[in-house]
Number of protein chains: 4
Amino acid sequence: MESPSRAHRRRKEARPAELIAAALKLFVEHGFAATRLDDVASAAGVTKGTLYLYFDSKETLFRAVIEQNILPLIARAEDSVAHHDGTAAELLRGLLLDWWSLVGETEAGGVLKLMVTEARNFPDVAVYYNEAVVERAKRLVSQVLDLGIARGEFRRVDHEMAFHAIFSPAMMLIIWRYSIGACCGQNIDPAHFMDFSFDLTLNGLKT
Amino acid sequence: MESPSRAHRRRKEARPAELIAAALKLFVEHGFAATRLDDVASAAGVTKGTLYLYFDSKETLFRAVIEQNILPLIARAEDSVAHHDGTAAELLRGLLLDWWSLVGETEAGGVLKLMVTEARNFPDVAVYYNEAVVERAKRLVSQVLDLGIARGEFRRVDHEMAFHAIFSPAMMLIIWRYSIGACCGQNIDPAHFMDFSFDLTLNGLKT
Amino acid sequence: MESPSRAHRRRKEARPAELIAAALKLFVEHGFAATRLDDVASAAGVTKGTLYLYFDSKETLFRAVIEQNILPLIARAEDSVAHHDGTAAELLRGLLLDWWSLVGETEAGGVLKLMVTEARNFPDVAVYYNEAVVERAKRLVSQVLDLGIARGEFRRVDHEMAFHAIFSPAMMLIIWRYSIGACCGQNIDPAHFMDFSFDLTLNGLKT
Amino acid sequence: MESPSRAHRRRKEARPAELIAAALKLFVEHGFAATRLDDVASAAGVTKGTLYLYFDSKETLFRAVIEQNILPLIARAEDSVAHHDGTAAELLRGLLLDWWSLVGETEAGGVLKLMVTEARNFPDVAVYYNEAVVERAKRLVSQVLDLGIARGEFRRVDHEMAFHAIFSPAMMLIIWRYSIGACCGQNIDPAHFMDFSFDLTLNGLKT
DNA sequence: GATGAATGAGGTTTCATTCAT
DNA sequence: AATGAATGAAACCTCATTCAT
């Protein structure tokens, strides 16, 4: 049993995270402009006024939503490569599957869809997202490709092209799930699809 | 030189198309909710009131935007397969490149991005889009895969999976271009990328 | 057979009257503010633009509607008394029945309801109506009452009170018919009611 | 002195009534369509936005105005007959004077004028009003007439006709006061007129 | 810290009015 | 004389933001 003030404090500290989680869900579902702060607040179990205790404005909340969901992603992504070994092909597969479990199976997937939706309305956030997430992933892939080529596993391919080719199926899967797929119940089995498409791609990469 | 009433009439007939074009551009850029009708109207060279001569409401305009940009797509898509021959691989490449020139290089690309953005806000439109565009494309691909398998060109693959794997790069390319790509100038050469990713995929399909 | 230009001219001369008739009907039904000029015009078989050839503004049309429907009323009302003879009671009954056939059974009834509805929005028109119609009727009644009292038929009554008492049933009948009665199908037989209520009143007036 | 939250709460509870009162005044004066919500709000000492905290739309406000002003009327009307005794004539006079003090001398009079004005635009409200107010009054009158006839006080008259004849002067008085009368200062003394017209009518009813 | 009543700027929508044809 | 496309002011309505309690 804890003192009431402790429970209170814990509550208070949890508030921003609860609000961000509620906001992410609704922003992903309806878009930034079409989401009412009233709905965000009540989804987090508080009232609109409370929201303003923690965020200066709707836009501030949006930025917090992106940032809070990207930061842990970055933290865990970097050591993904370091912790793998084996062939370049195995490394690449590990990289993609890690990315999937980090992005495809968490809230970070929603963030991807949200960025696609709102990029033009918040170009600076888009640039940040691109550098913090996309370019970082690209660099990881590039390293693995270099390794694979050096080891004679892979053909000499354009790294940029290869990166997009490798990640497109996973990204499409995410975006689809949060948009048209959510309305049509056409749900693909992710694990199966990830295997399938990676095999296709890998085949193409091999010497 | 034409009679004045003709010019008048012509103007009136052109208006809806002009408004739809302006609306598409802005809806794709900012999303439905964040787009002001004032801006749509002035982008079409008229005032807000005029817009209401042709569309009952903002939502009606949205539906018209989708429909008007999909109808010609459907019309031209169907005979795409019929007009090709050669190996199944050539047929498939032709199909994808046709789709690209129909969707990737026209306004229909914007519609795809718009549907991804607004699907959850207009689920019935999303269902319509899925059936009119996606499922139709899926059926075409399926036919070609059947042919390729029958001819011994392709492995026996899950058609659903293969469809998504084949189209993901192209779809991703489009969505990227209208969102994050528009903010970061990271523009991939489409023709090159289409070739690259299709080769990868085709490699994986072959027996 | 007449020349086309003649027919045209006739048409042209009829226009204002047709527009006024259409406007009266709709103003009475929905009120001035809730009536769209578009509807007035199309009820008269023309377009909105045409309306402005004959009337400067919506308000001008309103004033014309009142005036055009009152003028003939006044013209015919005045000689109503002159053309009657017999007892004061017979004269009074004649007056009321004449008023009924002039107002209750023509468009002028609608004007009464319209004036009740719009008086506060057009006070000057209300004043005009009161003087041109109500006060005029009051004076006629007053003359007959004087006659009746002089001849010993009627009690010495307050003319103002008597006037309102005599006309209230007829006015109520009209107003009811154009408002709540039109929605509830509770229609009273006018002729019967006029007889009934006048007999009641006359009984009360008699010595 | 009360706690702040109480005052707050009290304020909130008073708001709808204040808005309804302001709306009634303006609707009666200008009609529904010609009344701006801006004006209603500022007449109630708040801004437009506040109005929407309590009413969904202008139409909802209209319906609330009617309902809130009719409900107390009905509550108090029914026991009017029960609490009277004496001759049928005295009962009838009591009924009419009670109605006058309930309708003629309160906001309910404005509602009558408003219903006359807006019946055709809100037919369902008109039907409700007719049944809740008019038909109810008619039934009361009918009972008294039956009594009077049974006791040999009254002639055998058509109840429907008699009802309208009895109430017309009072209704006309109300409608007049809120319309043309408000513009012409021709104000009749209500008490005097009620006596006068009722005497006339009663005379006519007697055997 | 939390509330929720209140605000007012800004959006959608309507419609009286104009004017080129 | 008549049209009807176009306008823009003004209405209804929404919702991010504020603030007294």
Side-chain angles (χ1 to χ4, degrees), chain A residues 5 8-9 11-12 15 33-42 45-61, chain B residues 3-9 11-13 15 33-41 45-61, chain C residues 5 8-9 11-13 15 33-41 45-61, chain D residues 2-9 11-13 15 33-41 45-59 61:
Chain A
S5 69
H8 206 243
R9 164 131 354 150
R11 198 71 211 250
K12 184 194 158 182
R15 278 282 137 77
T35 299
R36 276 161 302 201
L37 290 188
D38 246 330
D39 291 342
V40 172
S42 70
V46 297
T47 60
K48 212 172 20 169
T50 302
L51 200 154
Y52 278 86
L53 294 176
Y54 300 100
F55 303 97
D56 284 346
S57 68
K58 196 183 183 185
E59 184 171 332
T60 305
L61 174 61
Chain B
S3 83
S5 68
R6 263 239 189 110
H8 213 241
R9 170 83 43 101
R11 200 71 211 252
K12 186 192 171 175
E13 273 156 17
R15 278 282 134 80
T35 300
R36 278 162 307 195
L37 290 186
D38 245 331
D39 291 341
V40 172
V46 296
T47 58
K48 216 173 11 172
T50 302
L51 201 155
Y52 279 87
L53 293 177
Y54 301 99
F55 303 96
D56 284 345
S57 66
K58 196 183 184 186
E59 182 171 334
T60 304
L61 175 61
Chain C
S5 70
H8 206 246
R9 164 134 351 154
R11 198 71 210 250
K12 181 195 162 184
E13 275 155 16
R15 278 283 136 79
T35 299
R36 277 162 301 201
L37 289 188
D38 246 330
D39 292 341
V40 171
V46 296
T47 58
K48 212 171 20 170
T50 304
L51 200 154
Y52 278 85
L53 294 177
Y54 299 100
F55 303 96
D56 285 346
S57 68
K58 197 184 184 187
E59 184 171 332
T60 305
L61 174 61
Chain D
E2 2 173 59
S3 82
S5 68
R6 262 237 190 111
H8 212 240
R9 170 83 43 101
R11 199 70 211 250
K12 187 195 170 172
E13 273 155 17
R15 278 281 132 79
T35 299
R36 279 162 305 196
L37 290 187
D38 246 330
D39 291 342
V40 172
V46 296
T47 59
K48 213 174 14 174
T50 302
L51 201 155
Y52 280 87
L53 293 178
Y54 301 100
F55 303 97
D56 284 345
S57 67
K58 196 183 183 185
E59 183 171 333
L61 174 61

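Quantities reported herein were computed from a predicted structural model and do not represent experimental measurements. In what follows, every chain begins at residue 1, and chains take the letters A, B, ... in the order their sequences are listed.
Scanning for salt bridge (Lys or Arg N to Asp or Glu O under 4.0 Å) contacts around A/K58 gives an empty result, with sequence neighbours left out. Residues meeting the side-chain hydrogen bond (donor to acceptor under 3.5 Å, both in side chains) test with B/D38, sequence neighbours left out: none. Residues that satisfy the side chain to side chain contact (heavy atoms under 4.5 Å, CB included) test with A/S57, not counting sequence neighbours, are A/E59, A/T60. Partners of B/Y52 according to the side chain to side chain contact (heavy atoms under 4.5 Å, CB included) rule, which considers only residues two or more places apart in sequence or in another chain, are B/L37.
Look at CG on B/L51: it is 15 Å from P on E/dG11, rounded to the nearest Å.
With a cut-off of 3.5 Å on both pairing distances, the Watson-Crick and G-U wobble pairs of DNA chain F assemble into stems of 3 or more at E:2-21 with F:2-21.
Of the side-chain N and O atoms in A/T50, one or more sit less than 4.0 angstrom from OP1 or OP2 of E/dT3. The side chain of D/T47 places an N or O atom within less than 4.0 Å of a non-bridging phosphate oxygen (OP1 or OP2) of E/dT7.
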Give each protein N/O atom lying under 3.5 Å from an N/O atom of nucleotides 9-13 of chain F, with the pair distance.
unit_1	atom_1	unit_2	atom_2	d
F/dA11	OP1	D/R36	NH1	3.0
F/dC12	OP1	D/T35	O	3.3
F/dC12	OP1	D/K58	NZ	2.9
F/dC12	OP2	D/L37	N	3.1
F/dC13	OP2	D/Y52	OH	2.5
F/dC13	OP2	D/K58	N	2.9
F/dC13	O5'	D/Y52	OH	3.0
F/dC13	N4	D/K48	NZ	2.5

Report task. Please lay out, stage by stage, how D/V46 and D/L51 fare under the test side chain to side chain contact (heavy atoms under 4.5 Å, CB included). Result -> CA-CA 8 Å; D/V46 296; D/L51 201 155; 5.6 Å; no
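Counting only heavy atoms from C-beta on, C/Y54 has its side chain closest to F/dA2 among E/dA2, F/dA2, F/dT3.
Map C/A34 and D/L53 each onto its nearest nucleotide of DNA chain E; the residue landing nearer the 5' end is D/L53.
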